[in-house]
Amino acid sequence: MRFLHHNQCLYNPFSKLSSFSSPFCLMGSFPLCKSTSLVFLSHLSSSSSSSSSYSQKYFLYRSISLLHGSFPVRPTSLVKPFAMKPNGFSSFTSHANVPRPPAFSENPRDKALSSTLLNILRKKLQDLGIDIEACVPGQFSGLLCPMCKGGDSKERSFALHISEDGGAAVWNCFRGKCGWKGHTLALAEDRSSYQDLGRVALKQDLGRVALKQNIRKITVESLQLEPLCDQVVAYFAERLISKETLLRNSVMQKTFGDQIAIAFTYYRGGALVSCKYRDVNKKFWQEANTEKIFYGIDDIEGASDIIIVEGEIDKLSMAEAGIHNCVSVPDGAPPSVSKKDVPSADQDKKYQFLWNCKNYLNKASRIILATDGDTPGQALAEEIARRVGRERCWRVKWPKKNEVDHFKDANEVLMYLGPEALKEVVDNAELYPISGLFNFKDYFHEIDAYYHKKFGFEFGVPTGWNSLNNLYNVVPGELTIVTGVPNSGKSEWIDALLCNLNASVGWKFALCSMENKVREHGRKLLEKHMKKPFFVGRYGGSVERMSVEELEQGKQWLDDTFFLLRSEKDSLPSISWVLDLAKAAVLRHGVSGLVIDPYNELDHQRLPNQSLNCSTTF
């Protein structure tokens, strides 16, 4: 067997065909393996005269499970035995006159139906930004993700599979900071496409199991790693990382053609477990079929305090500050926190490194999360805390860079503030927040503002009656209940209080008054505001009735100050109905208070599953 590319241990799918006399040719362009399928093509002996059997002249095997992470992406070799098709698959090219395999006959009706389904599916995928013009049904295609656009490196990490009949599609972006996945059908009744999707998922799962069972054994020699050259050492020196730190953490390099990539070696117990590469364009890739672990795992053996950072350079930065009990995650940060529950250990693929290193983490009493300060970095901190236990976690708060921004990570702090400042940041790590559990210091800013009277109305707003102010003031956010015997003037007193508050501090109010007609309630409020009677009558005494001009001014005041909550249905309104409208009045009109008069006019019927002693519906 002849290998056109080396440095990769592959399972030989042709071992059972060793009885054939002609040699097999295993060809694959490894840089394509991240987002494409490998094509294994064997041209068997031409001694067989029968051309009717396709399998006697050709053996075609597509490995559909070798998606993202199956092989390290590396710069393309100068030897180019493959031509690149638009759909991302590699194809065999030869100058020899190789006969084409015979075409299979198709049922014209089935072909027409398949074409119709594919056209419908194409339109649906185009609406999602997925272009399938170059995709072949029944195969995986490596594309540019329409959601993340492949990041800065334009990585083709978007795997798309279309069923053979063109009736269904399933996709997944394997880029760490994206992870967009989904599936769709051309027609809802297309049951066979559902089965195709199930088979694709099964093949992917079987591929993952096979990879887990075939963890590669690697060495520095097998990976052809080299000591760092002066150019790479100078690059790290600009980031204030010394050569001594690089040597202590076994940072090496690897040459791909005329390019040099930094090699971050992942050791455990002194043995090389994995290796991660970084090129000059800040593009990362890892050795395939290797175990996922923390970078620098040996540095936390038996440690009671563990610091977790987001990248290898941050780990090296911590070492420059004398902090060696630090590890880095291998795969970067997710775009956001998952809304799903934490999966089981065997299903938690993205965070498998945590489960693989749980024996190290279980010995620690304190885990300090020093991930990046951006949204993905904070999402990573939350995902780790969900798995290791928030009660053991602390978090680093990166210092301010200026009035607006904060430093992003450990290396930025090292570069701009120095190693002592970085050590101080870690020493001042805060308790990781747990929902519902607080310290008083979490509210010190409110206590300070209260002391300096920054909220306003700390002692409440005077009622407008000097004889009452020493006993009662209206405080924002508080509930006041006015009670008394019938016809004792409760509503009149509340209306007068509203007028006083509007006159003194300009508050506006939402009124839910079920006992008053609108015209009658408006009259009472106008009389209190204008201090003149609405009508000529005994109740006004000798005071002159308000004029038409005063009426118009009062109407404008009514419209600016009060907003009515009135049910247009025959049934009694509920408290939820009132509160929802009051919220709308706050947002739309800026009201400061809500009056419900009388409260017993609301519908207070309990739900069937609610008891007298319970205010919450379960």
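The residues of the chain are indexed from 1 along the displayed sequence.
Between D131 and R122, no side-chain nitrogen of the basic residue sits less than 4.0 Å from a carboxylate oxygen of the acidic one, so the salt-bridge criterion is not met. Salt bridge annotation for D127-K123: present, with a cationic side-chain nitrogen under 4.0 angstrom from a carboxylate oxygen. Using a cut-off of 4.0 Å between Lys/Arg side-chain N and Asp/Glu carboxylate O, R386 and E383 are scored as salt-bridged. Contact check on E492 versus K524 returns a salt bridge, with a Lys/Arg side-chain nitrogen under 4.0 Å from an Asp/Glu carboxylate oxygen. The pair K532-E550 counts as a salt bridge, with a side-chain nitrogen and a carboxylate oxygen less than 4.0 angstrom apart.
Residues W557 and N502 approach most closely at NE1-OD1, 2.9 Å, considering heavy atoms. Nearest heavy-atom pair, L497 versus W465, reported as atom, atom and distance to 0.1 Å: N-CH2, 3.8 Å. Here the closest heavy-atom approach between residue L121 and residue G166 is recorded as CD2-O, 3.5 Å.
With N172 contributing its side chain and K181 its backbone, the two residues share no donor-acceptor pair below 3.5 Å. Between the side chain of Y443 and the backbone N or O of N439, no donor-acceptor pair lies under 3.5 Å. Side chain of D372 to backbone of E310: no donor-acceptor contact under 3.5 angstrom is found. A donor-acceptor contact shorter than 3.5 Å links the side chain of K315 to the backbone of C326. Using modelled atom types, no side-chain atom of R390 and backbone atom of P433 make a donor-acceptor pair closer than 3.5 Å.
No cation-pi contact links R545 to F535, judged by a cut-off of 6.0 Å to the six-membered ring centre and 45° from its axis.
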### Task
Give the C-alpha distance, both sets of side-chain angles, the deciding distance and a yes or no for salt bridge (charged side-chain N to carboxylate O under 4.0 Å, His left out) between K292 and D331.
CA-CA 9 Å; K292 295 284 187 180; D331 292 327; 3.0 Å; yes
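A donor atom on one side chain and an acceptor atom on the other are found under 3.5 Å apart for D495 and H521. E446 and Y451 are not linked by any side-chain donor-acceptor pair at a separation below 3.5 angstrom, with hydrogens and angles left out of the test. Side-chain polar atoms of Y432 and E382 form a donor-acceptor pair below 3.5 angstrom. Inspection of the N516 and S513 side chains reveals an N or O donor paired with an N or O acceptor under 3.5 Å. Between the side chains of D348 and W355, at least one donor-acceptor pair of N or O atoms lies under 3.5 Å. A donor-acceptor contact closer than 3.5 angstrom is absent between the side chains of D374 and Q378.
Side-chain contact between V425 and P399 is present, with heavy atoms from C-beta onward closer than 4.5 Å.
Atom CD of E133 sits in a crowded spot, with more than 12 heavy atoms from other residues, nucleotides or ligands closer than 6.0 Å.
From L558, atom CG reaches atom CG of L564 across 9.0 Å, with rounding to the nearest 0.5 Å. Taking CZ from F353 and OH from Y295, the interatomic distance works out to 15.5 Å, rounded to the nearest 0.5 Å. The line from CD of E412 to CG of L417 is 9.5 Å long, rounded to the nearest 0.5 Å. Considering CD of E391 and CG of L431, their distance stands at 11.5 Å, rounded to 0.5 Å.
Applying the side chain to side chain contact (heavy atoms under 4.5 Å, CB included) criterion to S365, with sequence neighbours excluded, gives S304, D305.
Relative orientation of the F457 and W507 rings is perpendicular, given thresholds of 30° and 60° on the angle between their planes. Ring geometry for W180 against W171 counts as tilted: the plane angle lies between 30° and 60°, on a 0 to 90° scale.
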